[in-house]
Amino acid sequence: MRNLSLSTLGPLAALILLIVLGASLNDNFLSAANITNVLARSAFIGMIAVGMTFVITSGGLDLSVGSMAAFVAGMVILAMNALQPQLGVGLPLALIGIGTALAVGLLAGLANGLLVTRVGIEPFIVTLGTMGIFRSLVTWLADGGTLSLDFAMREYIGPIYYGGIFGISWPIITFALVVVIGEIAMRHTRFGRYAEAIGSNDKVARYSAVRVERIRLMTYVFLGLLVGLATILYVPRLGSASGSTGLLWELEAIAAVIIGGTALKGGFGRVWGTVVGVLILSLIGNILNLANLVSPYLNGAIQGVIIVLAVVLQRKKTSAEGR
Amino acid sequence: MKRRQFFGASAALALAAGLATTAVAQDDRTYVIGVSIPSATHGFMGGLNWHAQQTIARLEATYPQLDFVLATAGESAKQVSDIEDMLATRNIDALVVLPFESEPLTGPVKAVKDAGKFVTVVDRGLSVEGIEDLYVAGDNEAFGRVAGEYFKANLPEGAKIVILRGIATTLDNERVDAFEKAIEGSGIEVLDKQHGDWNRDKAFTVMQDYLSKYPQIDAVWAADDDMAIGAMAAIEQAGRKDEMWIIGGAGMKEIVKRIMDSDPQLPVNVTYPPALISSAIEMTALNFVSSTPVYGRFIIGSTLITPENAERFYFPDSPF
């Protein structure tokens with residue numbers, strides 16, 4: 001961190017304020033169980049938001065991630081249920097599920113990316129379209145109801161969400177790894193720098209021999225893969241998927257990215273900021289549940305105020321610096 | 001045919017209609033019945049959509065003179081357009097509508113009635129009385145009351161419970177008010193009531209936070225089976241499975257199965273059948289194929305599903 005200015009610390013300050021507020025309102029807030037809960041439930045949106053950071057940094061947008069997660073979850077459950085009679089409950093079937101999630105996620109991301117880069121349609125429109133397609137597909141696959149994983153298999157893969165090592169659960173470990181890889185990719189690789197260059201000015205990037213289309217395509221594929229990864233952790237939790245799975249995840253992920261200091265118009269991305277954004281969003285919900293501060297009808301309003309405040313805190317300085 | 005037992009009354013009516021069609025002389029006219037319902041956004045609506053499709057398929061096969069138009073809407077404005085289209089382009093003779101919201105749908109449904117069509121309103125009443133010919137609904141007040149009475153009868157004084165509420169609507173308010181009225185004077189303390197939005201993931205999160213917040217919880221009123229499943233996963237994770245039982249609602253097949261198997265965690269359930277749409281469509285159809293009088297109000301009671309009677313409420317083929 002070369003430029004540790006107030007603006008960079010804005011979202012971090014908001015996060016610390018929330019933690020202090022939470023701790024003062026409820027003694028159990030800082031208990032290991034609650035912290036594990038909050039981090040584990042942030043992991044899904046968190047991993048998706050890390051991928052979203054790259055898409056937004058390179059000047060794109062993906063509205064389809066929530067529906068995509070539901071669709072991937074549905075496909076995973078269908079694949080595992082279909083093959084259970086042949087393979088039985090065990091590691092091979094779990095690996096099939098994991099493979100399905102990554103493959104479907106990758107293909108879905110590839111479809112978005114190709115439509116944006118090869119066909120040349122606005123990302124907003126492409127992903128608005130695929131958002132509807134994925135959501136309808138999962139509702140159709142589930143016959144309007146819920147797709148449920150066979151009970152025995154759910155028990156077997158349950159530890160993927162609930163288990164862990166040294167008391168740290170797998171979703172948290174996976175999330176942390178994704179963040180570290182994302183941060184390195186953004187700051188220390190050609191991919192990250194090209195993404196920023198394309199988001200700042202894609203013409204200049206093109207004249208500088210950056211393969212703009214290819215980098216853009218890679219950001220969507222990377223995001224699709226992360227959606228697949230998030231789904232691998234999501235399915236064992238409740239063992240089901242329905243039309244309401246992953247509802248509004250896309251907006252939470254985009255909000256987290258922007259709160260964290262990534263520019264919505266592209267050109268600058270901050271992976272660790274995205275993590276702070278995700279944590280802020282989950283903590284608000286957690287604190288509102290733990291302390292009966294306001295009528296539950298107003299939860300959405302409180303969330304809105306804190307999101308706007310977190311961004312205001314950082315924008316003050318950012319605009320002065322010309323970023 | 002087993003599903004028909006679900007609403008004994010309409011099964012009898014359907015049988016009567018079957019006989020009536022052969023007896024009553026019919027003209028050759030084809031009647032078109034429009035069905036407008038909310039889309040399958042959560043488990044209950046998914047079940048309702050499934051039952052609507054099943055009923056329409058069955059009626060179209062039974063009565064060649066009936067045609068159906070089914071439209072599902074994700075919001076009120078879309079539903080209003082659907083109904084306007086049905087009237088303008090499909091020339092419907094009857095409308096079966098489950099209003100997404102009461103206020104915005106009242107005007108458009110009244111326009112259908114004013115055009116001289118038969119109108120059946122399902123589950124959510126319109127804000128002006130006297131528009132519909134037939135009103136078919138579940139009993140939200142009883143849904144809350146029956147659950148509340150079970151809590152009152154089975155918990156000692158001073159017991160602590162938490163409530164998971166649905167999406168903030170009048171329907172949810174009616175249920176919660178009736179529940180709270182039913183446990184009044186029992187000495188049961190309601191620790192908290194937050195919205196789980198009839199959603200498994202949301203209910204899981206809210207229940208996790210309840211468990212962090214309250215060291216003692218004796219029972220959970222999840223008020224919906226999707227929420228009950230989310231809450232159960234959170235309780236299992238916290239390792240507090242033996243401390244509390246959960247009452248859901250609406251009779252989801254997985255939950256009913258566990259009641260049949262006498263699961264101590266899920267002692268009973270309260271019905272609110274998604275198949276109420278079938279009652280509405282069948283009765284509307286009867287108006288056109290028989291001389292059965294079809295008007296007034298048909299309220300489907302909310303009753304307690306217990307291990308003894310659970311089999312009656314178990315439909316393994318339904319998606320809900």
Is a side-chain donor-acceptor pair under 3.5 Å present for A:Asn37 with B:Asp209?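 Side chains of B:Asp209 and A:Asn37: no pair found under 3.5 Å.
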If we count only N and O atoms by modelled type, under 3.5 Å, do the side chains of A:Arg41 and B:Gln208 hold a donor and an acceptor together? yes
Apply side chain to side chain contact (heavy atoms under 4.5 Å, CB included) to residues B:Arg200 and A:Thr146 and explain how you reach the verdict. CA-CA 10 Å; B:Arg200 290 186 189 192; A:Thr146 305; 3.5 Å; yes
Which portion of [X] sits near chain B, non-hydrogen atoms under 4.5 angstrom:
X: A:Phe29; value: neither
X: A:Arg135; value: neither
X: A:Phe151; value: neither
X: A:Leu288; value: backbone
X: A:Ser282; value: neither

Shorter than 4.5 Å, heavy atoms on both sides: which option in [options] has the most such pairs with chain A?
options: B:Thr205, B:Asn199, B:Val206; answer: B:Thr205
options: B:Asn49, B:Asp201, B:Leu211; answer: B:Asp201
options: B:Lys213, B:Lys193, B:Lys202; answer: B:Lys213

For residues A:Asn34 and B:Ser212, report the shortest heavy-atom separation together with the two atoms involved. OD1-OG, 3.6 Å
For residues B:Tyr210 and A:Asn289, determine if any side-chain heavy atom of one lies less than 4.5 Å from a side-chain heavy atom of the other.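 No, every pair of side-chain atoms sits at 4.5 Å or beyond.
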Assess whether atom [atom1] of [X] is packed by more than 12 heavy atoms of other residues, nucleotides or ligands within 6.0 Å.
X: B:Asp261; atom1: CG; value: yes
X: A:Asp27; atom1: CG; value: no
X: B:Tyr214; atom1: OH; value: yes

Mind ranking A:Gly243, A:Ala33, A:Ser244 by heavy-atom pairs under 4.5 Å with chain B and telling me who comes out on top?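 That would be A:Ser244.
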Interchain contact, B:Asp197 with chain A, by part (heavy-atom threshold 4.5 Å): neither
